[in-house]
Structure formats: structure tokens, C-alpha cells
Visitor: 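Structure provided below as C-alpha cells; questions to follow.
Just so you know, these numbers come straight off a predicted model, no measurement behind them. In what follows, residues are counted from 1 in the order of the sequence shown.
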Amino acid sequence: MTTEPFSPTPVRRSNNHFVPRPNEGVWPGLATPPRAPGKARIAEALFRQAVKPLPVRVVFPGGERIGSGGPDSPVMRIVRPDAFFHRLGAGSKIGFGESYMVGDWTTTELADLLAPFAAKMATLIPPVLQRIGRRFAEARQPSEEVNTVEGSRENIHRHYDLSNDLFATFLDETMSYSAGWFADGSDDLVLAQERKIDGILDMAGVGPDSHVLEIGTGWGGLATRAAQRGARVTTLTISAEQAKLAEQRLEAAGVADRVQVLLRDYREAQGSYDAVVSVEMIEAVGVAYWPTYFAALDRLLKPGGKVGLQSITMPHDRMLVSQDDYTWISKYVFPGGVIPSIEAIEQNLRDHTGLRIAERRSLGPDYARTLAHWRRTFLDRWETVAGLGFDETFRRMWEFYLAYCEAGFRVGYLDVHQLSLQHRRPY
């Protein structure tokens, strides 16, 4: 990793995504809670009913406590009940996270508190009310966030171009922004990330003299590792900031002559490769473009070659009912993102390619540990992040994002798989 200082991307805002500059106070849209008394009363009733059996303690300003948690269970303190329930009533999938961002509620250990909620995610709200909410009340993905070629560039820009310095603050020295693979009792994140990268390269059969296509460069960690194996790498990204830093890191590692970094969408890729690798990029593709994405993998892979794919996954039934939802994560972190199921991946492979899953590996618990590392480091180094121009609302937003994901992986609501894809017929 280069020690040369980076220039952070200017903090920016768009219609649905706010990252204020310092000293601007609460972000636009969050300063005043929405007022919907009827919805707030319904939200409070549903929240109380949902919390009642959970192993947590929810404490209100007057001392009232709800939840079934004992003295060692996580505590959620409702600081501003009126604002909290109005935000929840206006849109539970977004309001719960927004209320944490502005301090309507707080807790001493966020991931521990969110885990029981994540474990009961499918049943916290009665299914019939979920269906009514999805049909009449919940927000839907804005049209400008659909993952066309131009839409994808804007969606990626809004997250990955926040600041290279920001990501360098909490990621490990490999700059890997995906699940590590812990083993042998070690809690070393660098070793876990190197093991993960080697695992996906092995699944793709990458060795000396392989010509590898990588879809989703990140900051160049996988391309570096593949080049160190003797491979030639063509790596694609649509993040200008990532491309810039990846090239610096490849040069510092002494492998720049073996790696070509292209600012190019996967739909624009050309050529034929011995191996194709893509680590946690499919989540940004969108349901409508899954057929195109998998067809591109098939089109770009030489006969007899292998694909190494790493994907976050969720249960198929939950994916089907939630794939069109517009959530807090959609609004503030990953616009246009949708997590597939293994069944959805298999169906797309059957319907649109000649590929099949030949090998798989689950790393769900490892992702929970990875996220815990990131969250602790982010909070420990907050003063450094603040020095880049990010405010307290951003700190709470990023903490909620990392803890929310950690909780999902802890309880199995989310998983992540490494998959080796091969042609169904031999060559």
C-alpha cells in the first residue's frame, strides 16, 4: 500500500443521498421529523409488539422498559420517542436507521442490539402488514438509480468515490472491501483477506501465464495477487477514484507491467480470457441486469476456463419479497444494490449461460468478523475520518451501516459464497 497522501473526493450530495460538509448541522431532510400522527401511533404499536419477545431492553425517557432481555442483554435507549415513532411511521425500512443517524435513539453496542432484530427480520412485522406496506406505503427505487450503464456509474460514484482516504482509514493494508476468510484460529484480518483472494483465484484456476479478467477492481488487491502468481490481468472498474489509487498500488507492488486497469463497464468488455474473477460486484448489478451480467461472464470466458465469483447472498424467499424494496441501505449506502440468492444465481446460469456452479464455499461468519474489524477501526480512527471533512451524522450513518451488516451475517440472514463456475459441457 502506497504511503503517498491521497486527495479525498469532494464531499457531495444528490437528490437522495446526502454527505454534508463540516459544520452544516443535521443533513437536509433529517432536521425535522416527518409529521404523520396516525402512522406514528401504528408504528409505535407495531414496534412494541415486535420488541416484546426479543432478548433486548428498550428504555424510554420516563424509565419504562420493554423487551424480554435480562441484565446482560443489549440496551436501546429511546432519546426522543415522538421523533423516533414519526420517522418509523413515515417509512420503517428507512426511518429506523435515520433515527439512529440523528440521535433519536442510541445504544452502547450497536451490532449486539441489531442482531436480535436481524434474526427475526422476516417476522417482526406480521406478513399481511408487510404486504400492505410494500403495496401502498413503502418507497420504491428511484428511476435514476436503475443500473443502466450511466446509472451504474452514478451509483458507484456515490459510494466508492466518497474518498480513498476514508476507505484507507478502516480497511486493512490489502485494501480489500469484501469478506475475509479466517482460519486456524487467527484473527489477523490481513491474512484473512489474502486467504480469501487466494481462494477465489484458486477457484478460477489462475496460475502462471493465465490471462485474467477481473470485473470490479476495488483498489487493486486481487489484481496484485494474481500478477504475483505470474498471470496477466485486465481489470475493469467504473470508479475513477478507485482506478487512480489501484494504479498507484500496482506500481508500488512492482506488478504494473502485468496489469491493465480500464475504466469500463462489464457490458462493454471485450476479449476472451482463461479466467474471469468478480468479488462482491454482482450486488451492484440489479435484478434486471443479472441475465446480462452472467451472459457476459460466459461470453468472455474461453472454452475450458473458470469463473471465480464471490457474492453476498440471502435466502431465496426473502430475496423474492424484498428485491424491489427501497431501504435505508439503498438510500444512504448502496444505491441500486440488490443481493441475490444462490437459487437466483443458478437460475440465471441455466437460463442465460452454458455455465454451472462446480464448487462453492460459504464465508458468512467470516464476514461478520470482517465487519467487526472495520467498525472498530473506523470508530477508533474517527478523528482521522473527521479530518477529511465528514461530520457526526456521517459517523453514525457509517457505524449503523457496518453494524447492520455485521448483525445480518452473525444471525445468518445474510451469507457470502465463493463460487467456481465452469462450462456445463466439456471442451
Visitor: Contact between Met76 and Val56 at the side-chain level, heavy atoms closer than 4.5 Å - yes or no?
Guide: no
Visitor: Can you give me the closest heavy-atom contact between Ser178 and Gln310, atom names plus distance?
Guide: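 So the two residues come closest at CB-NE2, 4.1 Å.
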Visitor: Who pairs with Ala284 by side chain to side chain contact (heavy atoms under 4.5 Å, CB included), at least two apart in sequence or on another chain?
Guide: Ile156
Visitor: Listed by chain and number, what are the side chain to side chain contact (heavy atoms under 4.5 Å, CB included) partners of Ala83, not counting sequence neighbours?
Guide: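 Side chain to side chain contact (heavy atoms under 4.5 Å, CB included) check on Ala83 returns Pro33, Arg80, Asp104.
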Visitor: With heavy-atom distances below 4.5 Å as the criterion, would you say the side chains of Gln347 and Trp290 are in contact?
Guide: no
Visitor: Regarding His352 and Asp298, do their side chains bring together a donor and an acceptor under 3.5 Å, going by distance alone?
Guide: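 His352 vs Asp298: no donor-acceptor pair found between side chains.
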Visitor: Report the distance from atom CG of Leu421 to atom CG of Leu309, rounding to the nearest 0.5 Å.
Guide: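 Reported value, rounded in 0.5 Å steps: 5.5 Å.
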Visitor: Could you tell me if the ring centre of Trp398 sits under 6.0 Å from that of Phe394?
Guide: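 That pair passes the under 6.0 Å test.
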Visitor: Could you please spell out the steps behind the side chain to side chain contact (heavy atoms under 4.5 Å, CB included) verdict for Thr370 and Phe182?
Guide: CA-CA 9 Å; Thr370 302; Phe182 295 90; 3.6 Å; yes
Visitor: What closest approach, in Å, do Ala179 and Val416 show between heavy atoms, and which atom pair accounts for it?
Guide: CB-CG1, 4.0 Å
Visitor: Any idea which heavy atoms bring Thr353 and Leu349 closest together, and the distance?
Guide: OG1-O, 2.7 Å
Visitor: Mind jotting down which residue pairs meet the ring pair (Phe, Tyr, Trp, His ring centres under 6.0 Å) criterion with at least one end in residues 213-267? Sequence neighbours excluded, please.
Guide: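 For residues 213-267, and leaving out neighbouring residues, the ring pair (Phe, Tyr, Trp, His ring centres under 6.0 Å) pairs sorted by first residue read Phe167-Trp219, Tyr266-Tyr293.
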Visitor: Do Pro34 and Arg87 come close enough that some side-chain heavy atom pair is under 4.5 Å?
Guide: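 Side chain of Pro34 against side chain of Arg87, heavy atoms only: contact under 4.5 Å found.
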Visitor: Between Thr377 and Trp374, is there a donor-acceptor pair closer than 3.5 Å when you use the side chain of the first and the backbone of the second?
Guide: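 No, Thr377 side chain to Trp374 backbone: no donor-acceptor pair under 3.5 Å.
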Visitor: Just jot down the side chain to side chain contact (heavy atoms under 4.5 Å, CB included) partners of Arg395, sequence neighbours excluded, or say none.
Guide: Phe378, Leu379, Trp382, Glu392, Glu399
Visitor: If we only count heavy atoms from C-beta on, is the Lys331 to Glu98 side-chain gap below 4.5 Å?
Guide: yes
Visitor: Indicate the atoms forming the closest heavy-atom contact of Ile197 with Ser176, along with that distance.
Guide: CD1-OG, 3.9 Å
Visitor: With sequence neighbours left out, what residues match Arg361 under side chain to side chain contact (heavy atoms under 4.5 Å, CB included)?
Guide: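 Expected list: Trp181, Met203, Glu359, Leu363, Gln418.
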Visitor: Counting N and O atoms only, with roles assigned by atom type, does the side chain of Ser278 sit under 3.5 Å from a partner on the main chain of Met281, one being a donor and the other an acceptor?
Guide: no
Visitor: Taking the ring centre of each residue, are Phe400 and Tyr332 less than 6.0 Å apart?
Guide: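 Ring centroids of Phe400 and Tyr332 are no less than 6.0 Å from each other.
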Visitor: For residues Val75 and Leu113, determine if any side-chain heavy atom of one lies less than 4.5 Å from a side-chain heavy atom of the other.
Guide: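 When only atoms from C-beta onward are counted, Leu113 and Val75 do not touch, as no gap falls below 4.5 Å.
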Visitor: For Arg369 and Gly180, indicate whether the former's side chain and the latter's backbone hold a donor-acceptor pair under 3.5 Å.
Guide: no
Visitor: Taking atom types as modelled and ignoring hydrogens, do the side chains of Thr237 and Thr217 form a donor-acceptor contact shorter than 3.5 angstrom?
Guide: no
Visitor: Should we count CG of Asp209 as having more than 12 external heavy atoms under 6.0 Å?
Guide: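 Atom CG in Asp209 is not crowded, with 12 or fewer foreign heavy atoms closer than 6.0 Å.
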Visitor: Just grab all the salt bridge (charged side-chain N to carboxylate O under 4.0 Å, His left out) pairs involving residues 373-385, residues at least two apart or on different chains.
Guide: Glu109-Arg375, Arg375-Glu406
Visitor: Go through it in stages, so that I can follow the logic: the residues are Asp165 and Ser163, the test is side-chain hydrogen bond (donor to acceptor under 3.5 Å, both in side chains), and I'd like the CA-CA distance, side-chain angles, deciding distance and then a yes or no.
Guide: CA-CA 5 Å; Asp165 282 357; Ser163 163; 4.9 Å; no
Visitor: Of the options Ile200, Val212, Val233, which is the one that meets Val206 in a side chain to side chain contact (heavy atoms under 4.5 Å, CB included)?
Guide: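 Exactly one candidate clears the test, Val212.
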Visitor: Tell me whether Arg229 is salt-bridged to Asp202, with the criterion being a basic N under 4.0 Å from an acidic carboxylate O.
Guide: yes
Visitor: Side chains of Asp187 and His373, heavy atoms from C-beta outward: is any pair under 4.5 Å?
Guide: yes
Visitor: How long is the straight-line distance from CD1 of Ile345 back to NE2 of His417, given to the nearest 0.5 Å?
Guide: 8.5 Å
Visitor: CD/Gln193 to CG/Asp188 distance, rounded to the nearest 0.5 angstrom?
Guide: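 Nearest 0.5 Å value for the CD-CG distance: 10.5 Å.
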Visitor: Would you say Thr107's side chain and Leu110's backbone share a donor-acceptor pair under 3.5 angstrom?
Guide: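 Looks like no, no N/O pair under 3.5 Å.
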Visitor: Is the number of heavy atoms from other residues, nucleotides or ligands within 6.0 Å of CD (Glu268) greater than 12?
Guide: yes
Visitor: Can you list the steps and then say if Lys93 with Asp325 is a side chain to side chain contact (heavy atoms under 4.5 Å, CB included)?
Guide: CA-CA 9 Å; Lys93 290 184 176 66; Asp325 289 356; 3.1 Å; yes
Visitor: Look only at the side chain of Arg258 and the backbone of Gln228, and say whether a donor-acceptor pair between them is shorter than 3.5 Å.
Guide: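 Judged by distance alone, no pair lies under 3.5 Å.
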Visitor: For Leu371 and Phe409: C-alpha separation, side-chain torsions, deciding distance, then whether side chain to side chain contact (heavy atoms under 4.5 Å, CB included) applies.
Guide: CA-CA 9 Å; Leu371 284 153; Phe409 285 105; 3.6 Å; yes
Visitor: So do Arg424 and Leu355 actually touch side chain to side chain, heavy atoms under 4.5 Å?
Guide: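 No, too far: nothing below the 4.5 Å cut-off.
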Visitor: Side chain of Asp274, backbone of Gly305: donor and acceptor closer than 3.5 Å?
Guide: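 Judged by distance alone, no pair lies under 3.5 Å.
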Visitor: Quiz question: by atom type and distance under 3.5 Å, do the side chains of Ser186 and Asp184 form a donor-acceptor pair?
Guide: no
Visitor: Just wondering, do Glu194 and Leu191 contact through their side chains at under 4.5 Å, heavy atoms?
Guide: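 Leu191 reaches Glu194 side chain to side chain.
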Visitor: To the nearest 0.5 angstrom, please state how far the CG atom of Leu419 sits from the NZ atom of Lys306.
Guide: 13.5 Å
Visitor: Rounded at 0.5 Å granularity, tell me how far NE2 in His423 sits from CZ in Arg356.
Guide: 11.0 Å
Visitor: Under the 3.5 angstrom rule, does the side chain of Asp415 hit a backbone N or O of Ser362 as a donor-acceptor pair?
Guide: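 No; zero donor-acceptor contacts below 3.5 Å.
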Visitor: Between the side chains of Arg267 and Ser152, is a donor N or O closer than 3.5 angstrom to an acceptor N or O?
Guide: yes
Visitor: Just how far is it from atom OG1 of Thr327 to atom CD1 of Ile329, taken to the nearest 0.5 Å?
Guide: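 Those atoms lie 6.0 Å apart.
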Visitor: Does Glu280 form a side-chain hydrogen bond (donor to acceptor under 3.5 Å, both in side chains) with Tyr177? I'd like the steps, not just the answer.
Guide: CA-CA 9 Å; Glu280 293 182 29; Tyr177 192 35; over 6 Å; no
Visitor: For Pro340 and Ser311, which heavy atoms make the closest approach, and how far apart are they?
Guide: CG-OG, 3.4 Å
Visitor: Between Met319 and Ile339, is a side chain to side chain contact (heavy atoms under 4.5 Å, CB included) present by the stated rule, with each step listed?
Guide: CA-CA 7 Å; Met319 187 210 80; Ile339 295 172; over 6 Å; no
Visitor: Return the orientation label for the His159 and Tyr401 ring planes: parallel under 30°, perpendicular over 60°, tilted otherwise.
Guide: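 Rings of His159 and Tyr401: perpendicular, over 60°.
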Visitor: What heavy-atom pair brings Leu297 and Val307 nearest, and what distance separates the two atoms?
Guide: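 Minimum heavy-atom separation between Leu297 and Val307: CD1-CG1, 4.1 Å.
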